[in-house]
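What you see is a predicted model; the values in this text were computed from it and never measured. One-based numbering along the sequence shown.
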Amino acid sequence: MTTETGPTTQVEPTPRAAAWTDDPFAEAVRAGRGPLWLRREDGGRIPLDVERWCAPAAGADHGLLERCTGLAAPVVDLGCGPGRLVAALLGLGVPALGVDITRAAVARTRRLGGPALCRSVFDRLPAEGRWGGALLADGNLGIGGDPGLLLGRSAELLAPGGVLLVEVDPREIDERITVRVEGRHGRLGPPFRWARCGAAATARRAGRAGLVETERWSSHGRRFLAFRRAARPR
């Protein structure tokens, strides 16, 4: 994602608003379109491709999907958003579950025929330690603002030998930032922590989480890494 400078007009969220749930992201998911950004504290904006997320899987998505076929156990999409990857996996005969904290995203995933839970990835989830694959796509490595913690959590969900597929920033960056979701007419959600990591920073943190890198690839301007959870010693 690229950062751009946007207008300074800001509309403050209501005191009861919650990030990703009662903010412009939920509105955009319900509408299926943006514009939508993450606004940084310095005023810069990171565009969010909500139209692509709400459309059927396409382009670089197919590389992710292909790598999920043939796994011995189901796949969990962490931060599934509107559910395009869950729906596509099911269409390929791959059992899958979406997890997202946004009720509108979970509802949209279910309308596509995909099972989805409205939870944080850090909440208790079904089949912990038994998933054959996990996805962190569309910038979701930033969830919680601590990539190392998120990668460790993802490793906990996987079965021994399970695969984690991660979309990373195309650039070699490593930053933790405070942002707000910004929608049409400058409306802002509440602040929350986020992160962006390139391949090197991601691989370094994944190694500390007990994940072994197995592949890197790029497609349609997007960059991905694959990791495998080491098998438990006998």
Spacing of [atom1] belonging to [X] relative to [atom2] belonging to [Y], to within rounding of 0.5 Å:
X      : Y      : atom1 : atom2 : value
Leu188 : Trp37  : CG    : CH2   : 10.5 Å
Ile46  : Glu182 : CD1   : CD    : 11.5 Å
Glu175 : Arg196 : CD    : CZ    : 4.5 Å
Thr178 : Arg39  : OG1   : CZ    : 14.5 Å
Leu151 : Leu164 : CG    : CG    : 6.5 Å
Cys197 : Ile173 : SG    : CD1   : 7.5 Å

Under 3.5 Å, is there a donor-acceptor pair between the side chain of [X] and the main chain of [Y]?
X      : Y      : result
Glu128 : Leu125 : yes
Arg119 : Asp100 : no
Trp131 : Pro126 : yes
Arg108 : Gly83  : no
Arg110 : Gly114 : no
Ser120 : Phe122 : yes
Glu213 : Leu225 : no

If Ile, Leu, Val, Met, Phe, Trp and Tyr residues are connected whenever their side-chain heavy atoms lie under 4.5 Å apart, and connections chain through other members, are [X] and [Y] in the same group?
X      : Y      : answer
Val75  : Val166 : no
Leu112 : Leu89  : no
Leu64  : Trp53  : no
Leu48  : Ile101 : yes
Leu165 : Leu211 : no

Any chance you could pull the hydrophobic cluster mates of Val212, using side-chain heavy atoms under 4.5 angstrom and chaining through other members?
->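 Joined to Val212, directly or through intermediates: none.
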Heavy-atom closest contact ([X] atom, [Y] atom, distance):
X      : Y      : answer
Thr109 : Pro115 : CG2-O, 4.3 Å
Val50  : Ala28  : CG2-CB, 4.0 Å
Leu97  : Val86  : C-CG2, 4.1 Å
Phe192 : Arg180 : CE2-CA, 4.1 Å
Ala199 : Arg216 : CB-NH1, 3.6 Å
Arg124 : Arg153 : CA-NH2, 4.3 Å

Below 4.0 angstrom, N of the basic side chain to O of the carboxylate: do [X] and [Y] qualify?
X      : Y      : value
Glu27  : Arg187 : yes
Asp174 : Arg205 : yes
Arg228 : Glu215 : no

Exercise answer: donor-acceptor pairs, residues 140-147 side-chain atoms, under 3.5 Å, sequence neighbours excluded:
{"residue": "Asn140", "atom": "ND2", "partner": "Leu78", "partner atom": "O", "Å": "3.2"}
{"residue": "Asn140", "atom": "ND2", "partner": "Gly79", "partner atom": "O", "Å": "2.6"}
{"residue": "Asn140", "atom": "ND2", "partner": "Ala137", "partner atom": "O", "Å": "3.0"}
{"residue": "Asp146", "atom": "OD1", "partner": "Gly148", "partner atom": "N", "Å": "3.3"}
{"residue": "Asp146", "atom": "OD1", "partner": "Leu149", "partner atom": "N", "Å": "3.1"}

Partner set under side chain to side chain donor-acceptor pair (under 3.5 Å) for Arg84, not counting sequence neighbours =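 Testing Arg84 for side chain to side chain donor-acceptor pair (under 3.5 Å), a comparison that skips the adjacent residues, returns Asp61, Asp138.
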Do [X] and [Y] come within less than 4.5 Å of each other through their side chains, counting heavy atoms only?
X      : Y      : answer
Leu85  : Cys80  : no
Leu38  : Ile177 : no
Val163 : Leu158 : no
Val106 : Leu117 : no

Would you say Arg33 has more than 12 foreign heavy atoms packed within less than 6.0 Å of its CZ?
-> no
